[in-house]
Protein chains: 2
Amino acid sequence: MSDTHTDVPSVVSAPLPIPVPLEEHQACPVTDVLRRVGDRWSVLIMILLGKRSYRFNELHRSIEGISQRMLTRTLRGLEHDGLVSRTVHPTNPPTVEYDLTPLGRTLLEPLSALADWAVAHGADIATARERHAAP
Amino acid sequence: MSDTHTDVPSVVSAPLPIPVPLEEHQACPVTDVLRRVGDRWSVLIMILLGKRSYRFNELHRSIEGISQRMLTRTLRGLEHDGLVSRTVHPTNPPTVEYDLTPLGRTLLEPLSALADWAVAHGADIATARERHAAP
DNA sequence: CGGCATCCCGTGAGATACTG
DNA sequence: CAGTATCTCACGGGATGCCG
């Protein structure tokens, strides 16, 4: 199916107005999602939440190197976009539960395709980089 | 096939060492690709080059709002990772042709899946954002 | 426990000017 | 035409400390 002829599907093959308007590029939902997904922690957090729900400090302990600040900010960002839900249980002390929303769950699929690609071709990229670093 | 039960495939569902080691996260090819794809111009350029080859200033004119500097840097970055090829034709004045490499072409597929998701769910995200902005 | 406020720094990215 | 060189600034992101 994926042979020598690489068929490029759907929206990326859709005709673009040339020159690509600045306005359109910035407003594009694709650009939007790419920026979300391109930050340092969002995807990792989504992957963890894809397995089960987590509490705040539980996430904090589960991700080496993330600061509280960035964990908060990233979770807020994901929540803001409707990808993650935040549930406060009025216990004492309070417990806060984070989950993937159904929307967030659907994002994991195309994300997974990209991740698979990365794993499959990571060596190719590494090779290309070394070739470029050659004297 | 994709019904109520969202099945999460492949690497994103693979078991992770908890806590996720900082080292591992930074070295991960997925992280790598996400950052590449998460910058402002890479994907747009790849989409254009997916349709046909372009010359430098032709790209520059085709993308409203990009600076020469960023066009150069982004192209160099893509070339560095083996996603784009740069061919200099020794004419006078020199013409330089940019193309997607076969590797770059394969990346267009999972990228397309993500783009499709973004287009399909852009409204949901917008709604979630408005809900959060509500008084 | 689950945060927010503050300070600080590296880098992504634009503007402008110059070159083979 | 196809870039390189500077300067500059905004912003992502880390460290630290305080709070309900």
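In what follows, chains carry the letters A, B, and so on, assigned in the order in which the sequence lines appear, proteins first and then strands, with residues in each chain numbered from 1.
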Would you indicate whether the side-chain heavy atoms of B/Val37 and A/Val37 approach each other to under 4.5 Å?
-> no

Spacing between A/Leu71 atom CG and D/dG12 atom C1', to the nearest angstrom | 16 Å

Do B/Glu97 and B/His89 get their side chains close enough for a donor-acceptor pair, meaning under 3.5 Å?
-> yes

From CD1 of A/Ile66 across to C1' of D/dG12 the rounded distance in Å is 13 Å

Derivation of the side chain to side chain donor-acceptor pair (under 3.5 Å) call for A/Ser85 and A/Asp99 = CA-CA 5 Å; A/Ser85 69; A/Asp99 272 286; 4.6 Å; no

Do A/Leu114 and B/Leu107 touch side chain to side chain, with heavy atoms closer than 4.5 Å?
-> yes

To 10°, what angle do the rotation axes through the five end pairs on each side of the helix from C/dC1-D/dG20 to C/dG20-D/dC1 form?
-> 50°

Between the protein and nucleotides 15-20 of chain D, which nitrogen or oxygen pairs are less than 3.5 angstrom apart?
none

Sidechain-backbone polar pair: A/His60 side chain, A/Ile66 backbone, donor-acceptor under 3.5 Å | yes

Have a look at B/Ser42 and tell me which of B/Leu78, B/Val84, B/Leu111, B/Leu83 forms a side chain to side chain contact (heavy atoms under 4.5 Å, CB included) with it.
-> B/Leu78

Segment of DNA chain C, first to last nucleotide, that comes within the 4.0 Å heavy-atom reach of chain A | C/dC1 to C/dA13

Is the shortest side-chain N to carboxylate O distance from B/Glu79 to A/Arg129 below 4.0 Å?
-> no

Length of the CZ-C1' vector between A/Arg36 and D/dC11, whole Å | 15 Å

Between atom CD in A/Glu64 and atom C1' in D/dG14, what is the gap in whole Å?
-> 15 Å

Given atom CG of A/Leu75 and atom P of D/dG13, what is their separation to the nearest angstrom?
-> 14 Å

Would you say D/dG3 has OP1 or OP2 under 4.0 Å from some side-chain N or O of B/Arg76?
-> yes

Mind checking whether B/Trp117 and B/His121 have parallel, tilted or perpendicular rings, split at 30° and 60°?
-> parallel

Quick one: on DNA chain C, does A/Thr72 or B/Asp39 contact a more 5' nucleotide (nearest heavy atom)?
-> A/Thr72

Once the angle between the rings of B/His132 and A/His80 is folded into 0 to 90°, is it parallel (under 30°), tilted (30 to 60°) or perpendicular (over 60°)?
-> perpendicular

Output yes when at least one side-chain N/O atom of A/Arg73 is less than 4.0 Å from OP1 or OP2 of D/dG14, else no.
-> no

Residue pair A/Leu59, A/Leu75: steps toward the side chain to side chain contact (heavy atoms under 4.5 Å, CB included) verdict | CA-CA 10 Å; A/Leu59 270 177; A/Leu75 284 171; 4.0 Å; yes

Nearest-nucleotide 5' precedence on DNA chain C, A/Arg55 against A/Arg35 = A/Arg55

Spacing of B/Asp39 atom CG and A/Leu34 atom CG [to the nearest 0.5 Å] | 9.0 Å

Gap between atoms NE2 and P, on B/His60 and D/dA2 respectively (whole Å) | 12 Å

